[in-house]
Amino acid sequence: MRLSQFHLATVKEVPADAEIASHRLMLRAGMIRRLASGLYTWSPLGLRVMRKVEGIVREEMDRAGAIELLMPSIQPRELWEETGRWQKFGGQLLKIKDRKQQEFCYGPTHEEVITDFARNELKSYKQLPINFYQIQTKFRDEIRPRFGVMRAREFLMKDAYSFHLTQESLAETYAAMYQAYTRIFTRLGLTFRAVQADTGAIGGNASHEFQVLADSGEDAIAFSDGSDYAANLEKAEALVPVGERETPTETLARVDTPRVRTVEDVTRYFNVAAHRVIKTLLVRGHDGLVALCLRGDHELNEVKAGKLAELSGESVLASEEEILAAIGARPGFIGPVGLPQNIPVIVDRDAAQLADFICGGNTNDVHCSGANWLRDARISRIADLRNVVEGDLSPDGKGVLHIARGIEVGHVFQLGQKYAEALGATVIDDQGKPQLMTMGCYGIGVSRIVAAAIEQRHDDAGIVWPEAMAPWRVVVCVINPKKDPAVAEAAEALYQSLSQRGIETALDDRGLRPGGMFADMELIGIPHRIVVSERGLAAGTLEYRGRQDADSRAITEQDLFALLG
RNA sequence: CGGGGUAUAGCUCAGUCUGGUAGAGCGUUGCGUUUGGGACGCAAAAGUCGGGGGUUCGAAUCCCUCUGCCCCGACCA
C-alpha cells in the first residue's frame, strides 16, 4: 500500500477523558473515531487490524470444523418472547419498532435465532454434531460504555453455537473449541489465560473465559503458582482453613463506639487488625433478612452468596430502612451477637475460625468485643462467601493463588438444553423418537481483542503490534525522494520486491519530513521499518529498525528478505 | 437510577467568577525557505459560543429549561 493513496489520520491531541492506553492510542493512531456514546467508526487503518483478527479467528474456526453463516442483526420480539428473554435480558436489549409498529431488538447475542434456525434445519441425529458460527455486529446498551471499543455498545463478535444429541458429543466440541481458542490467542501473540468461569443462572457443566492479562482489565482472575489452576474471581473457591477454631480467652463486652461505622473505623478505634473484626451484611432472603458474616479484611463474593439456598439467586443488600426496622440499628453497627432468632446467620469459612472478635452490637454506636461463636453468637451455617485473596491456597491443593487483572476476550460455554427446550428444537434419534438437542456456545470479542492487544503491547511512542495483527508488517520510509530520484526509485523497487514476496508492505511516500514519518509509523505500530535515503544508497545497504529496537542497523536486501521470511 | 462535571473554530482547549464587537495551539489552504526524529516565515479561510426561553441598553458570560457527552456511585456497613 502506498500511504499517499491511503487515509492515514494520526492526531497529536486526544480528549482528556480517554483514560486507558488503548483508547488514547487508537484515537491518536486514527484507528477509530467516535460517532456517539459507545459507537465508533473504524477507519481504514483500524479496519485492517480488525480484519487480521477476524482472519485468524475464521481460519481456526474452520480448522476446528465449525461452519460459517450469517444471521440478521435485527431480531423479532416473538422469538425472544419464546425464551422469556424479551423481559429478562433487561436494559441492555435495544428495542426498536418498524413502520408497522412491529417490535424488534438489535441482537445482543444470537441464541434465539440460531436455535430457531436449527429447529427448522436439523431433523435427524445424523446431521449432528454441527457447529455454526458467524462474525457479526452486536449491540448491547451498556449502562456505561467506556474505554473506547473495549466496552462499546456496538461491537464485532464471533459467536458459534454447536448442536448435539449427547452430552459427550457436546464435551468433545467444547474441547475442540477450547483448543481452537488457545490457538487463536497464541497466533495473535497475546498473553492470555483460560480461566474457569461461573456458569451463572443458566447452569450447565463447564465454562471457561479467555482473559488477556492487563492491569487495566475489568475482571479479576485467580491463578495458582503450583498448577495450571486458573479461575475467574467470582468462581475461585476459598478453601476451609486448616486447624481448629481458636479457644476463647476474652469475655464479651459492649463498648460505646460513636460514629465508628466502617471496618477501618473499628480497627483504628480498637487498635486491632481488620482480620480480628467480623463484618455482618444483611441481605434479602426468601423469607426476610439473612445475615452474612465475613472477616473484616475479606470481601463478599456476590455470586457465591447468590447461590445460597436462603437467597433467591442473587444477593441484594437490605436497605438502611429495612435494617433499622428489623434490627433497630443502622448499618455499621450490625453483628451476629444477639440477632433476632428468625434471621439465619451464615458465616464464612474463615470468619468461623475467629475467636475473641469485634463486631457490631446491633445498637447504634455500640460494638461488641471479645465475642465468640457459639458462646455468644449463633452459626446457622458455614459457607464459602468471600473472594479469594493473594496468597490463599489453590483449590486444587497445589500451590498458592495470585490475583491478576484480565480483559475477557473469549468465552466458551456448555449451554445444555435451555434454548432447545424453550424453542422446541429436536431431532429424530436412531429409535425414531424426537430428542431435544444439547447446545454449546462460544464467543470471541473481535473488536475488543484489538483494544486488548494494545493494552498489553504499547510503549511511549505508540502501539507495538504483534506481527499477526499489524496493519502492515513492514514500512519502507523514503527520505527526500524529490532531491534525488534514485532514492525514490530504490524505495519503489524495494516496495515492489517485498510485495511480490507476499510481505504486506507500506510505502511511506507521503513526502513528510523524517521526524513526522518515523513518529507516525511508531505510533501505528508497524513491526519493521526500512529507511531508504541518499546516505544508505551511497553505502549500498538498507537501514533496518525493529519497532522495539533501540537503534537502526545496516542490512542487505537479502538479509531483509530472510528476516521477514 | 443517584451525584458531579462539561458543551466555544475541523481537533484539543482558554475566555464565564467580575456582562461591553470571539481567542490560543494543533490542523487546513496559498506562497517562500527548509529536509535524518513531529521545521520556519508571511498570508488566509474557518465559530447560529449545544437548543429554547428569560433578565439587560447590551449575554459565550447571569437566571430558567431541554438535550448531548464525560466522570463517580448503584450495595462490602
Side-chain angles (χ1 to χ4, degrees), chain A residues 9-20 23-24 27-28 30 33-39 90-91 143-148 153 257 259-267 274 277-284 289 291-302 304-306 314-324 327 329-336 348 351 359-362 364 367 385-387 389 460-462 477-484 487 508 510-523 529 531-538 543 545 551-552:
Chain A
T10 57
V11 291
K12 290 184 185 151
E13 285 170 302
V14 127
D17 52 43
E19 291 178 284
I20 62 171
H23 188 193
R24 274 198 301 272
L27 288 170
R28 279 228 290 139
R33 297 286 186 234
R34 198 187 72 98
L35 177 66
S37 177
L39 301 179
I143 297 175
R144 231 179 93 195
R146 59 180 136 182
F147 305 149
R153 293 196 291 178
T257 53
R259 290 182 305 281
V260 176
R261 289 178 58 110
T262 65
V263 169
E264 202 188 330
D265 295 339
V266 171
T267 57
V277 178
I278 290 289
K279 65 179 175 188
T280 305
L281 289 76
L282 292 173
V283 295
R284 294 177 190 158
L289 298 182
L292 306 178
C293 293
L294 292 148
R295 247 166 53 177
D297 59 333
H298 286 152
E299 286 184 359
L300 177 67
N301 180 311
E302 293 177 45
K304 291 175 182 175
E314 52 178 357
S315 73
V316 181
L317 272 208
S319 69
E320 181 154 348
E321 292 71 37
E322 286 172 276
I323 293 173
L324 257 171
I327 314 292
R330 285 196 312 275
F333 301 101
I334 307 302
D348 178 68
C359 62
N362 297 321
N364 284 340
H367 277 79
L385 295 179
R386 69 176 175 92
N387 284 334
V389 295
D460 290 346
C477 293
V478 205
I479 308 259
N480 251 336
K482 281 189 188 139
K483 195 169 159 198
D484 181 357
V487 173
D508 196 344
R510 296 176 296 166
L512 263 60
R513 304 164 64 86
M517 191 158 47
F518 297 158
D520 272 355
M521 293 307 113
E522 283 158 17
L523 174 61
R529 183 185 85 191
V531 173
V532 177
S533 67
E534 218 170 10
R535 212 154 81 183
L537 226 53
E543 195 180 314
R545 181 165 172 179
D551 292 297
S552 47

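Please read all numbers here as calculations on a predicted model, not as lab measurements. Here is how names work: the chains are called A, B, and so on, in the same order as the sequence lines, proteins then strands, and each is numbered from 1.
Taking 3.5 Å as the limit, the base of B:G27 and the side chain of A:Glu13 contain no donor-acceptor pair of atoms between them. Judged by distance alone with a 3.5 Å cut-off, no donor-acceptor contact links the side chain of A:Glu522 to the base of B:G38. With hydrogens and angles left out, the side chain of A:Arg545 and the base of B:G37 share a donor-acceptor pair within 3.5 Å.
Both A:Lys483 and A:Val260 sit near RNA chain B, but only A:Lys483 has its closest nucleotide nearer the 5' end. Heavy-atom nearest nucleotides on RNA chain B were determined for A:Leu294 and for A:Ile479, and the one closer to the 5' end corresponds to A:Ile479.
Residue A:Arg529 places its side chain closer to B:G37 than to any other of B:G38, B:G37, B:C71. In the set B:A77, B:U34, B:U12, B:U12 carries the atom at the smallest distance from any side-chain atom of A:Pro15. For A:Ile143, the side-chain atoms get nearest to B:A74 when compared with the rest of B:A74, B:G38, B:A77. Closest to the A:Asp520 side chain, of the nucleotides B:G38, B:C71, B:C76, is B:G38. Across B:G38, B:C71, B:A77, the shortest atom-to-atom separation from the side chain of A:Arg146 is found for B:C71. The listed nucleotides are B:A74, B:G37, B:U34; the one nearest the side chain of A:Arg513 is B:U34. The side chain of A:Phe518 sits closest to B:G37 out of B:G37, B:G25, B:C1. Among the nucleotides B:G38, B:C76, B:C70, the one closest to the side chain of A:Lys279 is B:C76. Of all nucleotides listed (B:C69, B:A77, B:U34), B:C69 comes nearest to the side chain of A:Ser37.
At whole-Å resolution of the value, NZ in A:Lys12 and P in B:C13 are 16 Å apart. Between A:Arg33 atom CZ and B:C69 atom P the separation is 19 Å, expressed in whole Å. Taking atom CG of A:Asn387 as the reference point, atom C1' of B:C76 lies 10 Å away to the nearest angstrom. In this structure, A:Met517 places its CE atom 11 Å from P of B:A39, rounding to the nearest Å. Remark: P of B:C11 and CG of A:Leu35 are 13 Å apart, rounded to the nearest angstrom. B:A77 atom C1' lies 17 Å from atom NE2 of A:His298, rounded to whole Å. Between A:Arg153 atom CZ and B:C69 atom C1' there is a gap of 11 Å when expressed in whole angstrom units. Rounded to an integer number of Å, the gap from A:Leu324 CG to B:A77 P is 18 Å.
The gap from the C1' atom of B:A60 to that of B:C1 amounts to 32 Å, rounded to the nearest Å. Between B:G30 and B:A45, the two C1' atoms lie 10 Å apart (nearest whole Å). B:A74 and B:U67 are spaced 24 Å apart, taking the C1' atom of each and rounding to whole Å. Spacing between B:G23 and B:C69 at atom C1', rounded to whole Å, works out to 24 Å. Taking atom C1' on both B:A59 and B:G50, the two are 16 Å apart, rounded to the nearest angstrom. Atom name P, nucleotides B:A22 and B:C40: the rounded distance is 30 Å, in whole Å. Comparing B:G58 with B:G20, their P atoms are spaced 15 Å from each other, to the whole Å.
Judged by distance alone, with hydrogens and angles left aside, the side-chain atoms of A:Lys279 form a donor-acceptor pair with the main-chain N or O of A:His298 at under 3.5 Å.
Just one of A:Leu300, A:Leu385, A:Leu292 meets the side-chain contact (heavy atoms from CB on, under 4.5 Å) condition when paired with A:Asp348; it is A:Leu385.
A salt bridge links A:Glu522 with A:Arg529: at least one charged nitrogen is closer than 4.0 Å to a carboxylate oxygen.
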